[in-house]
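Residue numbers count from 1 along this sequence.
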Amino acid sequence: MEIGYMTNGFGMLVGSGGGVTSAKDIRYVSLVDDKVVIGTIAESGYSMVEMFDGNLERFAANPTKLTTLLDSLKVKLGGVYVGANFIYEDSFPDELERIKATATLAAKLGAKHLILGGGAIRAMGILDTDYGVLAKNLDIAAKVIKEVGLIPTYHPHLGSIVESPEQIHRLFSLTDIGFCPDVAHLQAGGGNPLELIQTYYERIPYIHLKDYSSEGFVPLGEGDIDLIGIANFLKEKNYQGDILAEIDGYAGCPTYACQVSYQFIQKHVAVKNKNLGGKDNE
């Protein structure tokens with residue numbers, strides 16, 4: 001088990017400008033100093049980081065710059081997050097080329113997971129056929145991702161056509177792609193995160209943990225999600241997948257959120273201390 005933190009918790013989220021006119025060029029970007037943020041994550045005890053595809057792209061011309069940084073800090077690139085519309089058949093080939101390029105670069109840099117988010121909501125509303133198209137295109141993307149040696153998962157997300165438990169069940173009945181649950185998005189979407197994790201446990205290789213309250217996303221242990229219940233279930237199942245803390249959109253100090261969340265995972269979530277990745281267990 002590796003324990004990681006998402007670099008997007010330290011800066012504003014934007015999209016790369018080229019994507020305004022070209023589907024092949026749009027990427028998520030966190031406005032952070034990647035070197036500084038990865039250093040803070042490593043110092044907090046985590047053994048891996050996750051990055052947005054746009055932040056990874058910064059190192060495309062010189063990949064060894066990132067690998068040298070990660071090696072010096074003794075952390076891994078655990079995962080890369082990619083978003084796409086998926087439901088527009090005309091633009092999907094360009095989106096797929098972008099996903100393939102990101103997956104190829106991520107694999108070269110030693111990543112393990114490629115996390116897919118998306119499923120656009122049309123201006124006219126969701127069409128009944130959108131779920132079948134999304135499922136089909138996720139399966140196509142998953143095949144490309146597996147071919148370069150990464151583990152593909154889908155991340156239900158607010159602002160997509162897969163928010164509520166009913167929408168999650170519908171999509172997962174149509175595709176066998178792995179499930180990367182973000183417990184805060186599951187709860188904010190009207191679901192019970194523990195129940196959804198129990199239902200789809202066999203297809204979960206990777207979990208995003210964040211807490212949620214009336215104030216929005218908050219550090220682990222400071223919100224209303226039954227994280228202890230989730231942790232106890234994972235320990236009962238002897239969960240061997242990876243865990244990522246992702247406290248994005250938090251109004252407080254990002255370094256505090258990073259450190260407090262690591263302490264929570266150390267105390268409550270580790271299946272066994274020897275299985276927990278991190279500086280404290282080397």
Side-chain angles (χ1 to χ4, degrees), residues 1-2 4 50 53 78-89 91-104 106-107 111-121 126-187 189-209 230 233-234 236-244 246:
M1 176 188 290
E2 298 288 348
E50 182 179 309
D53 51 350
V80 179
Y81 188 98
V82 179
N85 291 302
F86 288 110
I87 65 166
Y88 305 121
E89 293 283 33
S91 65
F92 178 65
D94 280 349
E95 292 180 331
L96 183 62
E97 283 300 310
R98 173 166 55 83
I99 291 168
K100 182 178 180 179
T102 296
T104 301
K112 182 177 180 180
H113 301 277
L114 200 293
I115 307 92
L116 299 172
I121 298 177
I126 300 171
L127 299 182
D128 188 63
T129 55
D130 287 343
Y131 291 94
V133 176
L134 172 60
K136 173 179 69 73
N137 288 337
L138 284 174
D139 287 341
I140 294 171
K143 183 176 184 294
V144 167
I145 293 164
K146 289 177 182 177
E147 286 174 351
V148 299
L150 300 184
I151 300 171
T153 52
Y154 178 73
H155 176 307
H157 202 287
L158 297 176
S160 75
I161 66 171
V162 189
E163 291 184 342
S164 70
E166 294 76 20
Q167 292 169 332
I168 292 169
H169 296 322
R170 183 171 185 182
L171 176 67
F172 284 157
S173 73
L174 299 172
T175 173
D176 61 0
I177 193 171
F179 179 26
C180 177
D182 181 309
V183 299
H185 280 271
L186 297 181
Q187 181 145 317
N192 182 311
L194 176 56
E195 290 181 0
L196 287 165
I197 289 172
Q198 290 171 330
T199 298
Y200 295 107
Y201 177 76
E202 296 301 325
R203 62 199 290 176
I204 299 175
Y206 191 35
I207 295 175
H208 281 193
L209 290 182
I230 292 170
F233 173 73
L234 294 178
E236 288 170 7
K237 300 293 286 187
N238 195 32
Y239 176 70
Q240 295 298 303
D242 298 316
I243 291 176
L244 182 92
E246 181 193 14

Any chance you could measure [X], atom [atom1], to [Y], atom [atom2], to the nearest 0.5 Å?
{"X": "Met1", "Y": "Ile243", "atom1": "CE", "atom2": "CD1", "result": "4.0 Å"}
{"X": "Phe92", "Y": "Asn85", "atom1": "CZ", "atom2": "CG", "result": "11.0 Å"}
{"X": "Leu234", "Y": "Gln198", "atom1": "CG", "atom2": "CD", "result": "9.5 Å"}
{"X": "Leu114", "Y": "Tyr81", "atom1": "CG", "atom2": "OH", "result": "11.0 Å"}
{"X": "Ile230", "Y": "Tyr239", "atom1": "CD1", "atom2": "OH", "result": "11.5 Å"}

Using the salt bridge (charged side-chain N to carboxylate O under 4.0 Å, His left out) rule, collect all pairs that involve residues 190-199, keeping only residues at least two apart or in two chains. none
Pairs where residues 148-159 contributes a residue and the test salt bridge (charged side-chain N to carboxylate O under 4.0 Å, His left out) is met, not counting sequence neighbours: none
Considering non-hydrogen atoms only, spot the tightest contact between [X] and [Y] and give its length.
{"X": "Ile121", "Y": "Ser160", "answer": "CD1-O, 3.4 Å"}
{"X": "Lys112", "Y": "Asp242", "answer": "NZ-OD2, 3.0 Å"}
{"X": "Phe86", "Y": "Ala141", "answer": "CE2-CB, 4.4 Å"}
{"X": "Gly191", "Y": "Leu196", "answer": "CA-CD1, 4.4 Å"}
{"X": "Gln187", "Y": "Pro193", "answer": "OE1-CD, 3.5 Å"}
{"X": "Ala135", "Y": "Leu174", "answer": "CB-CB, 3.5 Å"}

List for me each residue that meets salt bridge (Lys or Arg N to Asp or Glu O under 4.0 Å) alongside [X], sequence neighbours excluded, and say none if there are none.
{"X": "Asp130", "value": "Arg122"}
{"X": "Lys136", "value": "Glu89"}
{"X": "Glu50", "value": "none"}

Name all residues meeting the side chain to side chain donor-acceptor pair (under 3.5 Å) criterion together with [X]; count only those two or more places apart in sequence or in a different chain, and write none if there are none.
{"X": "Glu97", "result": "none"}
{"X": "Tyr88", "result": "none"}
{"X": "Asp139", "result": "Thr175"}

Do [X] and [Y] come within less than 4.5 Å of each other through their side chains, counting heavy atoms only?
{"X": "Pro165", "Y": "His169", "value": "yes"}
{"X": "Ile115", "Y": "Leu244", "value": "no"}
{"X": "Ile168", "Y": "Thr199", "value": "no"}
{"X": "Lys100", "Y": "Leu96", "value": "no"}
{"X": "Ile207", "Y": "Pro181", "value": "yes"}
{"X": "Val133", "Y": "Leu127", "value": "no"}

Please name all residues satisfying ring pair (Phe, Tyr, Trp, His ring centres under 6.0 Å) with His185, sequence neighbours left out, ordered by chain then number. His155, His157, Phe217
Quick check: does any side chain N or O of [X] sit under 3.5 Å from a backbone N or O of [Y], one acting as donor and the other as acceptor?
{"X": "Asp182", "Y": "Ala184", "answer": "yes"}
{"X": "Tyr131", "Y": "Ile161", "answer": "yes"}
{"X": "Tyr200", "Y": "Cys180", "answer": "no"}
{"X": "Thr102", "Y": "Ile99", "answer": "no"}

Can you list everything that forms a side chain to side chain contact (heavy atoms under 4.5 Å, CB included) with Glu163? Sequence neighbours excluded, please. Leu158, Gln167
Check side chain to side chain contact (heavy atoms under 4.5 Å, CB included) between Arg98 and all other residues, then give those that pass, not counting sequence neighbours. Ile26, Arg27, Asp53, Val82, Ala84, Glu95
Would you tabulate the side-chain donor-acceptor contacts of residues 143-151 under 3.5 Å, counting partners in other chains and residues two or more places apart, or write 'none'?
| residue | atom | partner | partner atom | Å |
| --- | --- | --- | --- | --- |
| Lys143 | NZ | Glu147 | OE2 | 2.7 |

Between Ile197 and Val183, does a side chain to side chain contact (heavy atoms under 4.5 Å, CB included) hold up when you go through it step by step? CA-CA 9 Å; Ile197 289 172; Val183 299; 3.9 Å; yes
Anything under 30° is parallel, anything over 60° is perpendicular, the rest tilted; go ahead and classify Tyr154 against Phe172. perpendicular
